[in-house]
Each structure stands twice: as C-alpha cells, then as structure tokens.
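Below is one structure, written out as structure tokens, with a few remarks after it.
In what follows, chains carry the letters A, B, and so on, assigned in the order in which the sequence lines appear, proteins first and then strands, with residues in each chain numbered from 1.
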Protein chains: 2
Amino acid sequence: MSAPLFAKEGYDGVSIRDVAAATRLTPAALYYHFSDKDDLYLSVVIHEFRGKSTVLSNIIKGPEPPWERLEKFIEGLVNLTASDQNFTRLMQWVKLDSDEVRRHKLTEHVFSDLFVSVHDLVAELNSGHDAYMLAISIFGLITFPFELMTTRKFMPGYRPEHDKPAVIAKHVIDLLRSSLKKADGKTG
Amino acid sequence: MSAPLFAKEGYDGVSIRDVAAATRLTPAALYYHFSDKDDLYLSVVIHEFRGKSTVLSNIIKGPEPPWERLEKFIEGLVNLTASDQNFTRLMQWVKLDSDEVRRHKLTEHVFSDLFVSVHDLVAELNSGHDAYMLAISIFGLITFPFELMTTRKFMPGYRPEHDKPAVIAKHVIDLLRSSLKKADGKTG
DNA sequence: GTCTATAGTCAGATAGAC
DNA sequence: GTCTATCTGACTATAGAC
C-alpha cells in the first residue's frame, strides 16, 4: 500500500504521516504495528520483493540448456521491471541507502538469492568470463535502461520503442550472445 | 566542499545546517549566496561534474579508430568512477530525484554531453546494434559494478580484485569486443 | 558578506482514552 | 487495535544588527 510512496520519494522523502494517510491509519496506529520508521520501511520493501525473485529463480532452474535459461531469465526480469516501476526504484534506493545496517539487511533479502541463481547459471555457460563479474554485468544491462527511464527520454536518438520490454530484452540478448553462447553443434 | 555530503545522503538527507557546518559558514550566509536549498544543491552537483565529462569527451573525439577510442573511453570512465566515489553516487541521486524540474536540469548538465559523444562513437562502429541502446548499455556495464560496490561485497564469488579498475575495464571490453569490433583486416 | 536570533512548519515518537 | 492530543527536536528560510 505504501510501497509506491517509498519507491517514489525514498526513505527520507516519506514521513510516517504520509504512510498513515496512504493506509488511512493514524501515525499512532502504525507505531502499534512497527517499532519505528526503519522497521516499517524494511517491512514494506522486503514484502515488495518477496515472490518476485523466487519466480525468476525458478526460470533459472529449469531443464533447458544454460543459454536458453539465460534468455528466459533476461526476458523475465525485463518484463517484471517494465511492469512494475516501483521494483526498479526500490532497488535503486537500496543501493544508495546511507545507513549501513539497513542496507545490509535489505541486500540480504532483496539481492542475494537472485544473484546466486544468476551467478551459478552463467558459470554453467563456461564462457571464459568471470561468473561474478558477468552476473553483475547482466543485471546492469537489464536494469540500467529502466533506471534511466525518466532521464533518457531527453537524449538524442530516443524513440518510443526504446521503452518496449521486447526491444530491451532483444538488445541485451543480442549483445551477449556472441560473447556467451557456445556454438550450437558443439559436443563434449 | 559539500559534494561528499550530498553524495552520501542525498538531497533530503542533508540539511542546510549540515552544509553550513561542512563549509564553516552559517545557514544565513549560505542563503546570501544561494536563493534556496534547490539552488545550492544544483550548484554543488553541476560544479562537481564540470570538467569531468569534457575530459572523457575529448578521449572520444581522438584520432584513433572507433573501437580503440571506445576502449580508452571505457578505461577513462572506469578510472574516474573508481577514483571518485562521489561521482557515481551523485549520478545515482540524479536518476532517483523525485522532483521533475530538478531532475531535468541535472540531466541536462550531467548526462547529455557525454551521452551524445558515446552515442556518436558507437554509431561509427557500425556494429548493427541500435546506437542509442548500445550507449546506454555501455554506461550500465561501466557504472553498475560501482553502484553495487557497497552491497556486492556480501555476494558469493566476490574477490577483492573485482574492485580493481583494470579488472572491471578489461571485463567490460572483453564482453563487448566480439559483438562490436569489426574484423581487423577488413577494408571498405 | 557574515552574524545572532527566531519565525513557522514538519518530523519521529509517545501517552492515555476508548 | 485505533484514536486524539501532544511532546521534543529538526527543518527551511528570513529579519535585522554589524
């Protein structure tokens, strides 16, 4: 209910009174359910990510060859990111969080599982690239166009199709294919 | 003087009093030089980026073949990003800024010139990829490892060398080479 | 140009009635 | 569990002395 608020304005930009208005409760009622603002914020953000990362992890653990699972994962994360703007912004706020304890807790719940899944998948590809770096690159390639969504519209060369999930996913896959995909007919 | 403050805590996380303490002025003195907090913030951030993007643009406009200039640009932006942590964080705050007018002004001064330079460079490569998407991908590949710096240390597979600029730059270049670089002996 | 002092508003958090 | 009322402190911004 209040996730869009935190997604838009971040921790410092949202007051307990704002959350109270959005949930049609009073500040005092919120303090009955949460010990303080940090507790409320953590609960909201972690709840927002629950389920989403497990859906993507399941894609990654499918029966297909690694490259095909990677393609499906890329399409899945692009679609998720495109369909829920709060998702990307909440991740951005996590990365920027200036409170170390809070950022550590969020990282654990928000990034870890999915990162491990992608890391293990790209390791299977045997591409020669460092799996850790490669996993980070893939997340960067997928999320960066969405992180820039509100600013890149002013850049030269922009066309509305650059916002379409299918176009973004295809671009990422095309960019990675020649570096990562083993030749089709190759056998051990 | 107060750029590190805004880099760490963002617009909402830094008060006029904080800036006053950092500059050893009083809030009232700051209001003599700046009309309001927005004016102060914009001045600080834009000043922080001046010069930096022109240095990189000059690399891009060198005499070498396009792919070599792209390699040098990647190394240059990686080194800049690695040497000045404020740089990355201020860019992240710009992307997340919830005030549309402020974000528009910052985008103009912070992103535009460099984006245009990279866009035109990758267009020269004739790689077959959309130049606009490709420019965004390159910025994503370079900056994402630094945006995740504080959180990815907790991820499995992490080694300290993953923070080294040379390693990050090499990874990005290696990842892009087979997709973007024309065969060496090719002539028109 | 920089100061002290302060106006006016909003923040996080709590006490106590129901 | 949720409310009204309120405490305490921090915030942006300004007035006016020097």
Suppose we screen for salt bridge (Lys or Arg N to Asp or Glu O under 4.0 Å). Which residues come up paired with [X], at least two apart in sequence or across chains?
X: A:Lys37; value: none
X: A:Asp163; value: A:Arg152, A:Lys153
X: B:Arg103; value: none
X: B:Glu71; value: B:Arg177

Could you pull out the closest heavy-atom pair between A:Leu175 and B:Ser137, with the gap in Å?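 Closest pair (atom of A:Leu175, atom of B:Ser137, distance): CD2-CB, 3.9 Å.
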
Please report the shortest heavy-atom distance between A:Arg89 and A:Lys8, naming the atom on each side.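 It is NH2-O, 2.9 Å.
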
Check each residue of residues 18-26 of chain B for a non-hydrogen atom within less than 4.0 Å of any atom in DNA chain C, then write out the ones that pass by number, or none.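 The answer is B:Leu25, B:Thr26.
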
Whole angstrom is fine here: how far is it from [atom1] in [X] over to [atom2] in [N]?
X: A:Asp12; N: D:dC11; atom1: CG; atom2: P; result: 11 Å
X: A:Tyr32; N: C:dA15; atom1: OH; atom2: P; result: 16 Å
X: A:His33; N: D:dG1; atom1: NE2; atom2: P; result: 7 Å
X: A:Leu30; N: D:dT4; atom1: CG; atom2: P; result: 13 Å

Across nucleotides 13-18 of chain D, 5' to 3', mark each nucleotide with B, S or - according to how protein heavy atoms within less than 4.0 Å reach it. BBB---

Are A:Phe6 and A:Tyr41 an aromatic pair by the rule of ring centers under 6.0 Å?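 Aromatic pair counts; centres sit under 6.0 Å.
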
Using a cut-off of less than 4.0 Å, is there contact between a side-chain N or O of A:Ser15 and OP1 or OP2 of C:dC10?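 Result: no.
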
So, does A:Ser2 use its side chain to make a donor-acceptor pair with the main chain of A:Leu5 at under 3.5 Å?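 Flag not set: sc A:Ser2 to bb A:Leu5 has no pair under 3.5 Å.
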
